[in-house]
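Written below as structure tokens is the structure these notes are about.
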Amino acid sequence: MITFPKPDVEQFLRTFSIADFAVSPDEKHLVFSTNLSGKYNLWGMDLPNSFPYPLTSIDQSCQGLIYDKKSRFIIAGFDQDGNENTQFYGVPLNGGTMKEIVNHENTRNFMPKLSNDSKKLYYTTSRGNPSFLNSYCLDLESGQERLVLEGKDAATYLFGFSPDEETLLYYKHFANTYTLLYAKKGNEDILLTPPTEKQHTVNDGVFVSDSMIYLLTDYDSDFTYLASYNLETNKFCKVKELENESFTAIIYSKENQLLYITSQKGVEDQLYEIKLQNENWRNIPVPCSVINKLEVAASGTLYLFGMSATKPHNIYKNTGDEWVSLTKYTVPGVDSNELVEPDIITYPSFDGREIESLFFRAKKENDNGEVIFWPHGGPQAAERKFFRASFQFFLNNGYSIFAPNFRGSTGYGLEFMKMVEGDWGNGPRLDNVAGLDWLIDQGHAQKGNILLMGGSFGGYMALLLHGRHADYFKAVVDIFGPSNLFSFINSVPEDWKPVMDQWVGNPEKDKEKLIEYSPITYLESMIKPMLVIQGANDPRVVKEESDQIVQALKDKGRDVDYMLLENEGHGFSKKENEIAVYQKILSFLNRFTAVTEKV
């Protein structure tokens with residue numbers, strides 16, 4: 001009998017991902033953005049077959065993916081090496097030479113929508129209005145375009161339109177916790193939630209007729225619920241609310257007269273179906289913990305893209321009785337028993353508030369006794385039952401991972417989410433410190449012996465915790481985290497800048513607070529070894545944020561290593577870079593363990 005060695009730990013990082021998908025209206029074709037070749041491209045499948053073939057060789061991630069309404073071509077958006085300056089292209093169904101549709105240098109383009117006859121493309125762009133954005137309607141035959149929506153006061157996004165295309169649906173983004181939805185008919189702009197001074201959000205909205213809109217909002221509530229707005233009567237109605245759940249996305253099946261709604265409850269998602277005729281409501285079991293996207297075909301067939309903590313991204317089709325997996329992504333060469341599901345725990349913070357966390361515990365046969373403390377990015381996001389190849393990679397190497405959903409995280413209500421606004425460096429920091437104390441009190445770690453790692457806001461928090469609470473840690477990894485809130489506020493994309501006063505703070509009015517909350521203020525106490533990772537093209541946390549903290553620490557003679565990726569932005573879109581980054585991090589962390597690095 002042949003016996004095989006354990007899988008090489010790098011195999012965990014060989015897991016492929018899916019970034020987006022779409023199904024053709026006739027359901028004969030499916031397209032998805034995946035890094036199956038090591039870099040992101042579009043791949044197609046001729047349904048019902050599930051063998052994929054490449055459609056593009058552009059080697060770039062996709063933002064915005066739609067079929068024309070007659071299943072003749074695809075519209076896709078691509079940026080360049082993570083710079084997020086997305087441009088739109090036409091792609092033949094079977095691949096080949098792409099055609100430029102919208103291509104303006106140094107512009108950000110969003111949310112492509114095709115008219116019902118597929119002769120016009122609606123989209124939102126930074127061109128001509130970088131702070132508040134404009135939306136255009138482009139005639140695909142003549143090439144002529146017209147302005148249909150001018151952004152004012154806040155970044156303004158065209159969201160959709162009525163079946164007769166006479167009424168536009170758009171939203172204004174004043175802050176992550178303050179978004180308003182409007183209908184525009186002729187020169188009239190109709191706010192779809194009742195007027196109020198209290199900030200609230202509208203997550204999503206859909207027309208079910210020319211006059212009836214269903215929307216997801218937390219108007220006058222802490223959690224997002226389903227509401228309706230009748231444009232003929234100008235009446236807003238609450239339709240359905242669930243305790244401690246926030247509805248996150250809504251789609252409409254005209255064929256079945258159904259609404260499908262996804263819901264976030266803490267670290268997992270739910271899926272619901274509501275019949276419009278009688279408002280009957282039911283929960284639909286799903287094959288994953290986190291739902292990334294739903295699509296409903298003209299036939300009424302439902303497609304889902306999702307993942308779980310131990311199951312990578314996959315695309316599923318609902319057959320009525322069960323979900324059929326159209327893609328078969330797994331961790332290659334690794335048995336599912338080698339993967340780790342997290343425990344869901346809660347702990348009390350400094351003010352008595354309960355903080356929910358995921359605790360991934362390395363299997364006994366792998367456990368090296370080390371714990372990685374992972375503050376998530378966002379900050380108005382959450383650590384959920386995502387599949388993270390990097391987590392399973394570290395777990396297989398013996399490192400347990402603790403990931404708290406500190407104040408500001410989504411999934412716990414609007415009030416909780418707002419707690420980070422203007423308070424980046426206090427309440428969330430103390431929530432994380434309470435999590436560190438819980439680990440120590442429970443015997444999972446010793447003070448001074450914890451490894452700290454985070455990305456984006458999590459990188460910022462790693463830097464800040466290092467600067468203010470270095471005695472908890474023995475090494476720190478910062479992945480594209482802001483180091484100086486003044487330079488961060490000044491360098492974000494132009495359409496982000498209007499929200500910065502509420503989100504982070506005003507550099508003049510909040511000067512003292514921003515000094516206190518900036519990690520670079522605490523250079524003297526940043527004494528532990530550090531590894532800093534940065535994408536050169538990152539438009540959100542620009543390269544200078546990492547440059548300045550690295551240089552300042554080097555000037556003080558500190559142990560700091562810097563890995564700069566010339567062809568990446570705010571994340572890792574190329575498999576060889578992702579592997580190199582996490583191998584580098586593993587090598588760095590292994591310096592601080594008593595366990596020999598695995599072969």
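The chain is numbered in sequence order, starting from 1. In what follows, every heavy atom counts, from backbone to side chain, and hydrogens, waters and symmetry copies are set aside. Just so we're clear, the structure is a prediction, and the values are computed from it rather than from any experiment.
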Checklist entry - Can you check side chain to side chain contact (heavy atoms under 4.5 Å, CB included) on Leu226 and Ile250, steps first, answer last? => result CA-CA 9 Å; Leu226 176 67; Ile250 181 172; 3.7 Å; yes
Item to check | Stepwise side chain to side chain contact (heavy atoms under 4.5 Å, CB included) test for Leu215 and Tyr229 | outcome: CA-CA 8 Å; Leu215 58 147; Tyr229 192 94; 4.1 Å; yes
Item to check | Residues Trp323, Val286; criterion side chain to side chain contact (heavy atoms under 4.5 Å, CB included); working and verdict | outcome: CA-CA 7 Å; Trp323 292 94; Val286 293; 4.2 Å; yes
Next on the checklist: Is there a ring-ring contact (aromatic ring centres under 6.0 Å, His included) between Tyr122 and Phe161? Walk through the geometry before answering.
Outcome noted: CA-CA 10 Å; Tyr122 294 85; Phe161 38 77; 5.0 Å; yes
Checklist entry - Given the rule in the side chain to side chain contact (heavy atoms under 4.5 Å, CB included) test, do Ile75 and Val91 qualify, once you have shown the distances and angles that lead to the verdict? => result CA-CA 6 Å; Ile75 298 289; Val91 182; over 6 Å; no
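Using a 3.5 Å distance cut-off with no hydrogens or angles, the side chains of Thr86 and Asp79 do not pair a donor with an acceptor. No side-chain donor from either of Gln264 and Thr248 sits under 3.5 Å from a side-chain acceptor of the other. With no hydrogens or angles considered, no side-chain donor-acceptor pair links Gln380 and Thr177 at under 3.5 Å. Side-chain contact of Asp189 with Tyr170: a donor-acceptor pair under 3.5 Å is present, judged by distance alone. Between the side chains of Thr301 and Ser299, at least one donor N or O lies within less than 3.5 Å of an accepting N or O. Counted by atom type alone, Ser263 and Gln270 present zero donor-acceptor pairs between their side chains at under 3.5 Å. Inspection of the Glu295 and Tyr260 side chains reveals no N or O donor paired with an N or O acceptor under 3.5 Å. In the model, Asn116 has a side-chain atom that pairs as donor or acceptor with a side-chain atom of Glu165 under 3.5 Å. A donor and an acceptor atom, one from each side chain of Ser573 and Ser61, are nowhere located under 3.5 Å apart.
Note that CG of Leu302 and CG of Leu258 are 9.5 Å apart. Values are rounded to the nearest 0.5 Å. Taken from CZ in Phe207 to CG in Asp164, the straight-line distance is 8.0 Å, to the nearest 0.5 Å. Here the CG-CG distance, from Leu326 to Leu47, works out to 6.0 Å after rounding to the nearest 0.5 Å. The line from CG of Leu294 to CG of Leu304 is 5.0 Å long, rounded to the nearest 0.5 Å. To the nearest 0.5 angstrom, Ile74 atom CD1 is 10.5 Å from Ile66 atom CD1. Taking CG from Asn83 and CG from Asn537, the interatomic distance works out to 6.0 Å, rounded to the nearest 0.5 Å.
With salt bridges taken as basic N to acidic carboxylate O contacts below 4.0 Å, none links Glu150 and Lys184. Salt-bridge check for Glu84 with Arg108: passed, with a basic side-chain N closer than 4.0 Å to an acidic carboxylate O. Using a 4.0 Å cut-off between charged side-chain N and carboxylate O, Asp269 and Arg384 make a salt bridge. Salt bridge Asp59/Lys574: absent, no basic N to carboxylate O contact under 4.0 Å.
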Enumerate, atom names and distances included, each donor-acceptor pair closer than 3.5 Å involving a side-chain atom of residues 14-24, sequence neighbours excluded.
{"residue": "Arg14", "atom": "NE", "partner": "Glu10", "partner atom": "OE2", "Å": "3.4"}
{"residue": "Arg14", "atom": "NH2", "partner": "Glu10", "partner atom": "OE2", "Å": "2.8"}
{"residue": "Thr15", "atom": "OG1", "partner": "Phe12", "partner atom": "O", "Å": "2.9"}
{"residue": "Asp20", "atom": "OD1", "partner": "Lys293", "partner atom": "NZ", "Å": "2.9"}
{"residue": "Ser24", "atom": "OG", "partner": "Asp26", "partner atom": "OD1", "Å": "2.7"}
{"residue": "Ser24", "atom": "OG", "partner": "Glu27", "partner atom": "N", "Å": "3.4"}
{"residue": "Ser24", "atom": "OG", "partner": "Lys28", "partner atom": "N", "Å": "3.3"}
{"residue": "Ser24", "atom": "OG", "partner": "His29", "partner atom": "N", "Å": "3.1"}
{"residue": "Ser24", "atom": "OG", "partner": "His29", "partner atom": "O", "Å": "3.2"}

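With hydrogens and angles ignored, the 3.5 Å screen pairs no side-chain donor or acceptor of Asp68 with any backbone N or O of Ser118. The backbone N or O of Lys39 sits less than 3.5 Å from a side-chain atom of Ser37, completing a donor-acceptor pair. Proximity of a side-chain donor or acceptor of Thr179 to a complementary backbone N or O of Val202 within less than 3.5 Å is detected. Checking side-chain atoms of Gln87 against main-chain N and O of Thr107 turns up a donor-acceptor pair under 3.5 Å. In this structure, Ser142 contributes its side chain and Gln144 its backbone to a donor-acceptor pair below 3.5 Å. Lys311 contributes a side-chain N or O that, together with a main-chain N or O of Pro287, makes up a donor-acceptor pair within less than 3.5 Å. A donor-acceptor pair under 3.5 Å is formed between the side chain of Asp335 and the backbone N or O of Asn337. With Asp46 contributing its side chain and Asn49 its backbone, the two residues share no donor-acceptor pair below 3.5 Å. Remark: side-chain polar atoms of Thr319 are paired, donor with acceptor, to backbone N or O of Glu322 under 3.5 angstrom. Thr125 contributes a side-chain N or O that, together with a main-chain N or O of Arg127, makes up a donor-acceptor pair within less than 3.5 Å.
Looking only at side-chain heavy atoms (C-beta outward), Val296 and Tyr303 stay at 4.5 Å or farther from each other. Using a 4.5 Å heavy-atom cutoff, the side chains of Gln257 and Lys275 are not in contact. Contact check for Tyr182 versus Leu168: no side-chain heavy atoms found under the 4.5 Å cut-off. Looking at Phe110 and Gln63, their side chains never come closer than 4.5 Å, going by heavy atoms from C-beta outward. Side chains of Thr56 and Met98 form a contact here, defined as non-hydrogen atoms less than 4.5 Å apart. Side-chain atoms of Glu166 and Asp210, non-hydrogen and from C-beta on, never get closer than 4.5 Å to each other. For the pair Glu494 and Ser131, the minimum side-chain heavy-atom distance is below 4.5 Å. Within the 4.5 Å cutoff, side-chain heavy atoms of Val239 are placed close to those of Glu279.
Considering every non-hydrogen atom in both Leu158 and Met111, the closest pair reads O-CE, 3.6 Å. The shortest heavy-atom contact between Val206 and Leu169 is N-CD2, 4.3 Å.
For His313 and Phe387, the ring centers are positioned 6.0 Å apart or more. Between Phe391 and Phe360, the distance separating the two ring centers is shorter than 6.0 angstrom. The aromatic ring centroids of Phe457 and His376 lie 6.0 Å or more from each other.
The cationic atom of Lys240 (NZ for Lys, CZ for Arg) lies less than 6.0 Å from the six-membered ring centre of Trp281 and within 45° of the ring axis.
With sequence neighbours excluded, no residue forms a ring-ring contact (aromatic ring centres under 6.0 Å, His included) with Tyr316. Residues satisfying the side-chain hydrogen bond (donor to acceptor under 3.5 Å, both in side chains) criterion with Asn405, sequence neighbours excluded, are Tyr412.
The aromatic rings of Phe88 and Tyr123 lie perpendicular to each other, with more than 60° between the two planes, well past the 30° mark. Ring geometry for Phe78 versus Tyr89: interplanar angle of 30 to 60°, hence tilted.
A 6.0 Å sphere centred on CD of Glu576 holds more than 12 heavy atoms belonging to other residues, nucleotides or ligands.
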